[in-house]
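Predicted, not measured: the structure shown is a model, and the values here were computed from it. Both backbone and side-chain heavy atoms feed into the values below; hydrogens, waters and symmetry mates do not.
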Amino acid sequence: MRPLTEDETRLFFEKLAKFIGENIKVLVDRPDDPYCFRLHRERVYYVSEQTMKRAGNISRDNLISLGTCMGKFTKTKKFHLHITALDYLAPYAKAKMWLKPSSEQQFLYGHNVCKGGLGRISENVEKYSGVVIYSMNDLPLGFGTAAKSTADCRHVDPSTLVCFNQGDIGEFVRSEASLT
């Protein structure tokens, strides 16, 4: 368990900024308890400083997890967000999409979102920006990348993809053995 290097911090914050913008400050500077990001076995964890100090007594080999896993660095040093980060992305998301009840299940099976399944979309969503996907009841279902901007979504065919799925809450069931 160690702090992130400058390059790792840059890559991680660029990915977070894609979804929550300047609200990264809210995650780090919390009024209740200071939180930080730590790297352990190529995974980035969001953990309170108090918990981090207590975990210092445990050897690295015996430490399995610490705090909330935000994502991991691949072998090529790219950062991938995990679905466990959804609880921290959803309240601060810049761009949001709401799915119709008929297309929620398809999204939760890992499929991309088509225009026909889109219920609402927030204003000023740019193409290839990070979006958080919600049900019509405002339950966060996952996150992805917008395939079309808000203006483009209004004029496309119902079978056109509007969002690429990057992570959804159905991933817990589909990848139960490999999520660590």
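- Scanning both residues, V132 and A93, for their nearest heavy atoms gives CG2-CB, 3.4 Å.
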Name the atoms and distances for all side-chain donor-acceptor pairs under 3.5 Å in residues 118-126, with sequence neighbours left out.
residue: S122; atom: OG; partner: K96; partner atom: N; Å: 2.9
residue: S122; atom: OG; partner: K96; partner atom: O; Å: 3.3
residue: E123; atom: OE2; partner: R154; partner atom: NH2; Å: 2.9

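- The shortest heavy-atom contact between A95 and G130 is CB-O, 3.6 Å.
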Going by atom type alone, with no hydrogens or angles, which donor-acceptor pairs under 3.5 Å involve a side-chain atom of residues 155-169 and a protein atom two or more places apart or on another chain?
residue: D157; atom: OD2; partner: S159; partner atom: OG; Å: 2.6
residue: T160; atom: OG1; partner: D157; partner atom: O; Å: 3.1
residue: N165; atom: OD1; partner: G167; partner atom: N; Å: 2.9
residue: N165; atom: ND2; partner: F107; partner atom: O; Å: 3.2
residue: N165; atom: ND2; partner: H111; partner atom: O; Å: 3.4
residue: N165; atom: ND2; partner: D168; partner atom: OD2; Å: 2.9
residue: Q166; atom: NE2; partner: T145; partner atom: OG1; Å: 2.7
residue: D168; atom: OD1; partner: G170; partner atom: N; Å: 2.9
residue: D168; atom: OD1; partner: E171; partner atom: N; Å: 3.2
residue: D168; atom: OD1; partner: R174; partner atom: NH1; Å: 3.1
residue: D168; atom: OD2; partner: R174; partner atom: NH2; Å: 3.2

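- Hydrophobic cluster membership for I58: M1, V47, M52, L63, L66 (Ile, Leu, Val, Met, Phe, Trp, Tyr linked by side-chain heavy atoms under 4.5 Å, directly or transitively).
- Sorted by first and then second residue, the pairs that involve residues 75-87 and meet salt bridge (Lys or Arg N to Asp or Glu O under 4.0 Å), not counting sequence neighbours, are E42-K77.
- For S65 against Y45, the heavy-atom pair with the smallest separation is OG-CE2, 3.4 Å.
- In this structure, Q105 places its CD atom where only 12 or fewer heavy-atom neighbours from other residues, nucleotides or ligands lie under 6.0 Å away.
- Sorted by first then second residue, the ring pair (Phe, Tyr, Trp, His ring centres under 6.0 Å) pairs that include residues 46-74, not counting sequence neighbours, are Y35-Y46, F37-Y46, Y46-Y88, F73-F79.
- Nearest heavy-atom pair across K115 and C153 is CE-O, 2.5 Å.
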Table please: side-chain donor-acceptor pairs of residues 14-29 below 3.5 Å, with sequence neighbours left out.
residue: E14; atom: OE2; partner: R10; partner atom: NH1; Å: 3.4
residue: N23; atom: ND2; partner: I20; partner atom: O; Å: 3.4
residue: N23; atom: ND2; partner: Y92; partner atom: O; Å: 3.1

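- Placement of V131 and Y128 in two distinct hydrophobic clusters is found when ILVMFWY residues are connected by side-chain heavy-atom separations under 4.5 Å, directly or transitively.
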